[in-house]
Protein chains: 2
Amino acid sequence: MSAEAWVRSAEERLAEAGHKRGGARRAVLELLGIQECALTALEIEDALRDAASRRVSRASVYRILDELERLGLVQRVETGQAMVRYERTGGHEQHHHHLVCDECGVVMPFSDPALELAIAGLSERLALTVSEHEIVIHGSCRDCAG
Amino acid sequence: MSAEAWVRSAEERLAEAGHKRGGARRAVLELLGIQECALTALEIEDALRDAASRRVSRASVYRILDELERLGLVQRVETGQAMVRYERTGGHEQHHHHLVCDECGVVMPFSDPALELAIAGLSERLALTVSEHEIVIHGSCRDCAG
DNA sequence: TTCTATGCAAAATCTTTGCAATTAG
DNA sequence: CTAATTGCAAAGATTTTGCATAGAA
C-alpha cells in the first residue's frame with residue numbers, strides 16, 4: 001500500500017469512528033505513511049517542525065498516536081530504549097520486526113518467513129486471542145561489534 | 001537451576017565484577033530467584049516490604065536491577081505497559097517468552113520449541129550479534145475475550 | 001451549533017542522580 | 001582505610017491531563 005493510500009484509508013477509518021479532520025493529525029499521518037520504520041513521538045514532532053509541513057504540539061502527537069493505536073492504524077514498537085516507537089500497520093510491503101543495537105541504539109527492520117510461520121502456528125495454541133505480534137531482537141550491530 | 005543456586009552464582013558473578021555484598025541486593029536476588037515470571041521495580045519493592053524480608057528503597061531497586069542487567073543476570077521484559085519488567089536469566093527450566101493481555105494487563109510466560117528454532121536460524125543471518133531475544137505477544141486472554 | 005481537534009502549561013508517572021551515611025573487604 | 005552500598009530527596013525524562021480556543025460537520 002502506498003503512503004497516500006494508507007493515509008486515505010486511515011482517514012476513512014477515523015471518520016467511521018466519529019472523528020473530524022484536523023491538520024495536526026493529517027500531518028502525523030502523512031509522516032507515518034512514508035516512514036520505513038518506527039519513530040518516537042519526539043522524532044515525529046521534530047520531523048514535522050523541520051519539514052515545515054506544520055508544527056504540532058507534543059501533547060497532540062501523543063494524543064494522535066494514542067487514538068491511531070486504538071484504531072489499529074499504528075503499532076507500538078517497544079525497543080527497550082527510553083521512548084516508545086510507533087509505525088503504521090498493514091502498510092508496508094511485508095510485515096516486519098525489529099533489530100535493536102543496544103550499543104548505538106540503531107533500530108532496523110527485518111522480515112523472516114520462517115519466523116512468521118512459527119508465530120502463526122503458535123497463535124493457534126495460545127490461551128490468547130492474538131492481536132498483533134512484534135518481535136524485537138537485541139544485540140550489537142556490525143559497526144559496534146567490530 | 002534452583003533459586004538458591006541461581007542466587008549463589010549471581011553473587012559469584014557480582015564478586016568477580018568487583019562488587020561487595022549488600023543486604024538490599026541480596027534481598028532482590030532472593031526474590032527474583034523464586035519468581036516464575038517478570039516483575040516491575042515497584043512490584044519488587046512492594047514484595048520485599050510485604051515479605052518483611054527487608055525494606056529496600058526504590059532507588060536501590062533500580063540501581064540493583066541496572067547492575068544485574070549489565071552483568072546479564074537479569075533480563076528486561078518490555079510488555080508495552082507503563083513499567084519495564086525484569087526477570088532472572090538462565091535460571092528457569094526453559095527459556096520462555098511472554099503473553100500480555102492488553103485488556104486486563106496480565107503477563108503470562110510461554111515456551112515454544114518451533115519458535116526457538118526459527119529464532120536460532122534467524123540469528124545466524126542477521127547483521128547483528130544477538131545478545132538475547134525476548135518475544136512479547138499481545139492480545140486478549142480467555143477471560144477478557146469472553 | 002455542537003462536538004472534535006489542538007496548543008499550552010501543569011501534572012503524573014516512572015526512573016535516575018547527588019549526596020551523605022553506612023558497611024564490606 | 002578505601003571503595004562499594006544504600007537511603008532519602010531532588011532532579012530528569014517521558015507521557016498524560018485540564019482547560020480554553022479554534023475548527024470541522
Side-chain angles (χ1 to χ4, degrees), chain A residues 7 10-32 38-49 53-71 73-74 76-86 105 107, chain B residues 7 10-31 38-49 53-71 73-74 76-86 102 105 107:
Chain A
V7 172
E11 301 232 274
E12 274 176 35
R13 184 94 182 66
L14 284 159
E16 284 170 22
H19 289 276
K20 300 177 178 177
R21 290 186 209 150
R25 192 170 55 214
R26 180 61 186 262
V28 171
L29 285 174
E30 292 186 343
L31 177 65
L32 290 178
L39 298 180
T40 66
L42 200 58
E43 286 169 349
I44 291 170
E45 187 190 9
D46 289 347
L48 292 177
R49 183 172 12 26
S53 67
R54 155 151 199 168
R55 189 175 182 297
V56 176
S57 79
R58 191 165 308 175
S60 293
V61 171
Y62 280 110
R63 272 187 298 232
I64 289 165
L65 290 173
D66 188 58
E67 186 58 29
L68 295 180
E69 190 198 2
R70 185 159 30 233
L71 295 177
L73 297 169
V74 304
R76 297 164 68 95
V77 178
E78 309 281 337
T79 62
Q81 297 166 322
M83 292 181 279
V84 177
R85 289 172 177 275
Y86 294 85
V107 178
Chain B
V7 171
E11 300 232 276
E12 273 175 36
R13 184 95 182 67
L14 284 159
E16 284 170 21
H19 289 277
K20 299 177 179 178
R21 289 185 208 153
R25 193 171 53 214
R26 180 62 186 262
V28 171
L29 285 174
E30 292 185 343
L31 178 65
L39 298 179
T40 66
L42 200 57
E43 287 170 348
I44 291 170
E45 187 191 10
D46 290 346
L48 292 177
R49 179 163 16 57
S53 67
R54 157 152 196 165
R55 191 178 180 294
V56 176
S57 80
R58 190 165 309 176
S60 293
V61 171
Y62 279 111
R63 272 186 298 231
I64 288 166
L65 290 172
D66 189 57
E67 186 58 30
L68 294 180
E69 190 197 2
R70 185 156 32 231
L71 294 176
L73 297 169
V74 304
R76 296 164 69 94
V77 179
E78 310 279 339
T79 62
Q81 297 166 321
M83 291 181 279
V84 177
R85 288 171 178 277
Y86 294 86
D102 292 326
V107 178

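Quick note: numbers below take in every heavy atom, side chains included, and nothing from hydrogens, waters or symmetry partners. Here is the naming used below: chain letters follow the sequence lines, and residue numbers restart at 1 for every chain.
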**Request:** Indicate for each nucleotide in nucleotides 10-17 of chain C, in 5' to 3' sequence, whether protein heavy atoms under 4.0 Å reach the base (B), only the sugar-phosphate (S), or nothing (-).
**Result:** ----SBBB
**Request:** For nucleotides 20-25 of chain C, just jot down a letter per nucleotide in 5' to 3' order: B, S or -, based on protein non-hydrogen atoms under 4.0 Å.
**Result:** ----BS
Please tabulate, for the side chains in residues 60-68 of chain B, all donor-acceptor contacts under 3.5 angstrom to protein atoms that are two or more places apart in sequence or on a different chain.
| residue | atom | partner | partner atom | Å |
| --- | --- | --- | --- | --- |
| B:Ser60 | OG | B:Ser57 | OG | 3.1 |
| B:Asp66 | OD2 | B:Arg70 | NH2 | 3.3 |
| B:Glu67 | OE1 | B:Arg70 | NE | 3.3 |
| B:Glu67 | OE1 | B:Arg70 | NH2 | 2.8 |
| B:Glu67 | OE2 | B:His19 | NE2 | 2.9 |

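A:Glu69 places its CD atom 10 Å from the P atom of D:dT16, with the value rounded to the nearest Å. Rounded to whole angstrom, the span from the CD1 atom of A:Ile64 across to the C1' atom of D:dT15 amounts to 15 Å. In this entry the distance linking CG of B:Leu29 with P of D:dT5 reads 11 Å, nearest Å. For the pair B:Leu48 CG and D:dT6 C1', the interatomic distance rounds to 14 Å; values are reported in whole Å. For the pair A:Leu68 CG and C:dT4 P, the interatomic distance rounds to 16 Å; values are reported in whole Å. Atom CZ in A:Arg70 sits roughly 12 Å away from atom C1' in D:dT16 (whole-Å rounding). Between the CD1 atom of B:Ile44 and the C1' atom of D:dT6 there is a distance of 16 Å, rounded to whole Å. The distance between atom CZ of A:Arg25 and atom P of D:dA24, rounded to the nearest whole Å, is 12 Å.
The side chain of B:Ser57 places an N or O atom within less than 4.0 Å of a non-bridging phosphate oxygen (OP1 or OP2) of D:dG7. Contact check, B:Arg54 against D:dG7: a side-chain N or O comes under 4.0 Å of OP1 or OP2. Remark: A:Arg26 is not in phosphate contact with D:dG23, judged by side-chain N or O atoms under 4.0 Å from OP1 or OP2. For D:dT14, neither phosphate oxygen OP1 nor OP2 lies less than 4.0 angstrom from any side-chain nitrogen or oxygen of A:Arg85.
Every side-chain contact (heavy atoms from CB on, under 4.5 Å) that A:Val84 has, sequence neighbours left out, goes to A:Arg76, A:Glu78, A:Tyr86. Residues passing the side-chain contact (heavy atoms from CB on, under 4.5 Å) test with B:Ala38, sequence neighbours excluded: B:Val77, B:Arg85, B:Glu87, B:His98. A:Glu12 meets the salt bridge (charged side-chain N to carboxylate O under 4.0 Å, His left out) test with no other residue; sequence neighbours excluded.
No salt bridge links A:Arg25 with A:Glu11; every basic N to acidic carboxylate O contact stays at or beyond 4.0 Å.
Counting heavy atoms from C-beta outward, B:Arg54 and B:Arg49 have side chains that stay 4.5 Å or more apart. You'll find the side chain of A:Arg26 reaches within 4.5 Å of the side chain of A:Val7, heavy atoms only. Residues A:Gln81 and A:Val107 meet the side-chain proximity criterion, which asks for heavy atoms closer than 4.5 Å. Looking at B:Leu71 and B:Glu16, their side chains never come closer than 4.5 Å, going by heavy atoms from C-beta outward.
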